[in-house]
Amino acid sequence: MLEILYEDKNMIACVKSCGISSQRDEKSGYDMLTVLDGYFKENNDKSTAYPVHRLDSAVGGVMVYAKNKAFAARLSELIAKTSGDEQKMQGEECFAKEYLAVIHGVPTEKSGVLCDLLYHDKRRNKTFVVDRERKGVKKALLYYETLGTQGDTSLVHVRLITGRTHQIRVQFASRKMPLVGDGRYGARDNVKEMGLWSYKITLALRGQKRQEFSKLPRGEIWSQFAQAEIFSGKIVDKAEKV
């Protein structure tokens with residue numbers, strides 16, 4: 001069932017389930033674009049869903065889709081303009097993404113910055129940390145804060161400054177702290193669901209109030225951190241103007 005957090009004539013904020021592609025999937029014929037287009041049709045809305053950002057299929061959480069080409073271009077331009085610049089992400093216009101992740105291990109510092117050079121191998125669909133700049137290498141930057149620890153796993157809040165393919169997954173894995181359930185990047189557990197969730201998107205457009213779309217994750221991976229402040233009710237599932 002499609003869970004909608006917010007909708008207007010130009011955009012829709014919704015929750016993507018784990019296991020479904022955020023972009024068009026011709027092989028399966030089942031993806032978020034197909035789901036949204038079906039929803040529009042059922043409601044006599046002539047809109048078409050346009051992706052402006054993506055989530056890995058194994059990752060669930062909040063996503064924003066444009067409902068027309070013009071607004072898709074506007075959001076894409078905004079994302080490109082602010083990516084990599086923390087100051088711009090706090091400015092009058094922004095598209096800021098925040099995640100929750102469950103990782104193996106405990107970060108040495110409770111909070112900090114992870115900065116790496118990443119290379120994405122398209123043929124293998126895998127990203128690697130590299131030690132020098134060259135063609136195809138991009139800088140990756142994120143901020144994290146440890147929210148809780150249970151045994152040898154930790155719950156971390158991640159604020160992305162750049163949006164590289166598999167960025168969160170590979171940056172933590174390269175420090176020997178792979179995400180729970182992420183066998184591609186070194187996790188050796190038997191958990192089927194990956195410990196990564198897109199929990200908040202903040203959107204600010206010139207002349208409009210900032211909007212926040214958020215959804216907390218549910219399930220076994222997350223329930224062990226039920227006492228963490230973020231799950232205590234202080235932050236709730238919402239779509240609001242701030």
Measure across [X] and [Y] and return the closest heavy-atom pair with its distance rounded to 0.1 Å.
{"X": "D37", "Y": "A49", "answer": "OD1-N, 3.0 Å"}
{"X": "P178", "Y": "A187", "answer": "CB-N, 3.8 Å"}
{"X": "L155", "Y": "A228", "answer": "CD2-CB, 3.9 Å"}
{"X": "R184", "Y": "R124", "answer": "NH1-O, 3.3 Å"}
{"X": "V59", "Y": "C18", "answer": "C-SG, 4.2 Å"}
{"X": "L75", "Y": "L205", "answer": "CD2-CD2, 4.4 Å"}

Task: Mutual orientation of the aromatic rings belonging to F172 and Y144 [parallel < 30°, tilted 30-60°, perpendicular > 60°] - done: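 If you compare the ring of F172 with that of Y144, the planes turn out perpendicular.
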
Open item on the list: Would you call the rings of H53 and Y65 parallel, tilted or perpendicular, taking 30° and 60° as the class edges?
Closed with: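 Tilted: the ring planes of H53 and Y65 meet at 30° to 60°.
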
Rounded to the nearest 0.5 Å, how far apart are [atom1] of [X] and [atom2] of [Y]?
{"X": "L2", "Y": "Y39", "atom1": "CG", "atom2": "OH", "value": "7.0 Å"}
{"X": "E93", "Y": "E77", "atom1": "CD", "atom2": "CD", "value": "8.5 Å"}
{"X": "Y199", "Y": "H157", "atom1": "OH", "atom2": "NE2", "value": "4.0 Å"}
{"X": "K110", "Y": "T146", "atom1": "NZ", "atom2": "OG1", "value": "7.5 Å"}
{"X": "I103", "Y": "L196", "atom1": "CD1", "atom2": "CG", "value": "11.5 Å"}
{"X": "R123", "Y": "N125", "atom1": "CZ", "atom2": "CG", "value": "11.5 Å"}

[Y] backbone acceptor or donor facing [X] side chain under 3.5 Å:
{"X": "T127", "Y": "H120", "result": "no"}
{"X": "Q211", "Y": "L203", "result": "no"}
{"X": "K67", "Y": "D8", "result": "yes"}
{"X": "R175", "Y": "Q171", "result": "yes"}
{"X": "K97", "Y": "M63", "result": "no"}
{"X": "S83", "Y": "I79", "result": "no"}
{"X": "D31", "Y": "D25", "result": "yes"}
{"X": "D45", "Y": "S47", "result": "yes"}
{"X": "R218", "Y": "L216", "result": "yes"}
{"X": "T149", "Y": "S154", "result": "no"}

Can you check whether [X] reaches [Y] side chain to side chain, under 4.5 Å on heavy atoms?
{"X": "S22", "Y": "P51", "result": "no"}
{"X": "W197", "Y": "V15", "result": "yes"}
{"X": "Q224", "Y": "V102", "result": "yes"}
{"X": "L55", "Y": "M32", "result": "no"}
{"X": "Y185", "Y": "M194", "result": "no"}
{"X": "F40", "Y": "T48", "result": "no"}
{"X": "V170", "Y": "D116", "result": "no"}
{"X": "S76", "Y": "F95", "result": "no"}

Open item on the list: For S214 and E98: C-alpha separation, side-chain torsions, deciding distance, then whether side chain to side chain contact (heavy atoms under 4.5 Å, CB included) applies.
Closed with: CA-CA 9 Å; S214 63; E98 299 176 53; over 6 Å; no

Is it the case that [X] and [Y] place a side-chain donor and acceptor less than 3.5 Å from each other?
{"X": "T34", "Y": "R24", "answer": "yes"}
{"X": "Q167", "Y": "Y99", "answer": "no"}
{"X": "Y119", "Y": "D121", "answer": "no"}

Give the cluster check for [X] versus [Y]: same hydrophobic cluster or not, with ILVMFWY residues linked at side-chain heavy-atom distances below 4.5 Å.
{"X": "L141", "Y": "M177", "result": "no"}
{"X": "V180", "Y": "F225", "result": "yes"}
{"X": "V137", "Y": "V129", "result": "no"}
{"X": "F128", "Y": "L118", "result": "no"}
{"X": "L160", "Y": "Y143", "result": "no"}

Task: Stepwise side chain to side chain contact (heavy atoms under 4.5 Å, CB included) test for K139 and T162 - done: CA-CA 8 Å; K139 182 179 179 181; T162 56; 5.7 Å; no

Take atom [atom1] in [X]; do more than 12 heavy atoms of anything else shown fall under 6.0 Å from it?
{"X": "E133", "atom1": "CD", "answer": "no"}
{"X": "N43", "atom1": "CG", "answer": "yes"}
{"X": "K138", "atom1": "NZ", "answer": "no"}
{"X": "R188", "atom1": "CZ", "answer": "no"}

- [ ] In sequence, state the C-alpha distance, the side-chain angles, and the governing distance for V113 and I161, and then conclude on side chain to side chain contact (heavy atoms under 4.5 Å, CB included).
- [x] CA-CA 10 Å; V113 180; I161 305 302; over 6 Å; no

Task: Worked check of side chain to side chain contact (heavy atoms under 4.5 Å, CB included) between N68 and N10 - done: CA-CA 6 Å; N68 54 69; N10 290 315; 3.0 Å; yes

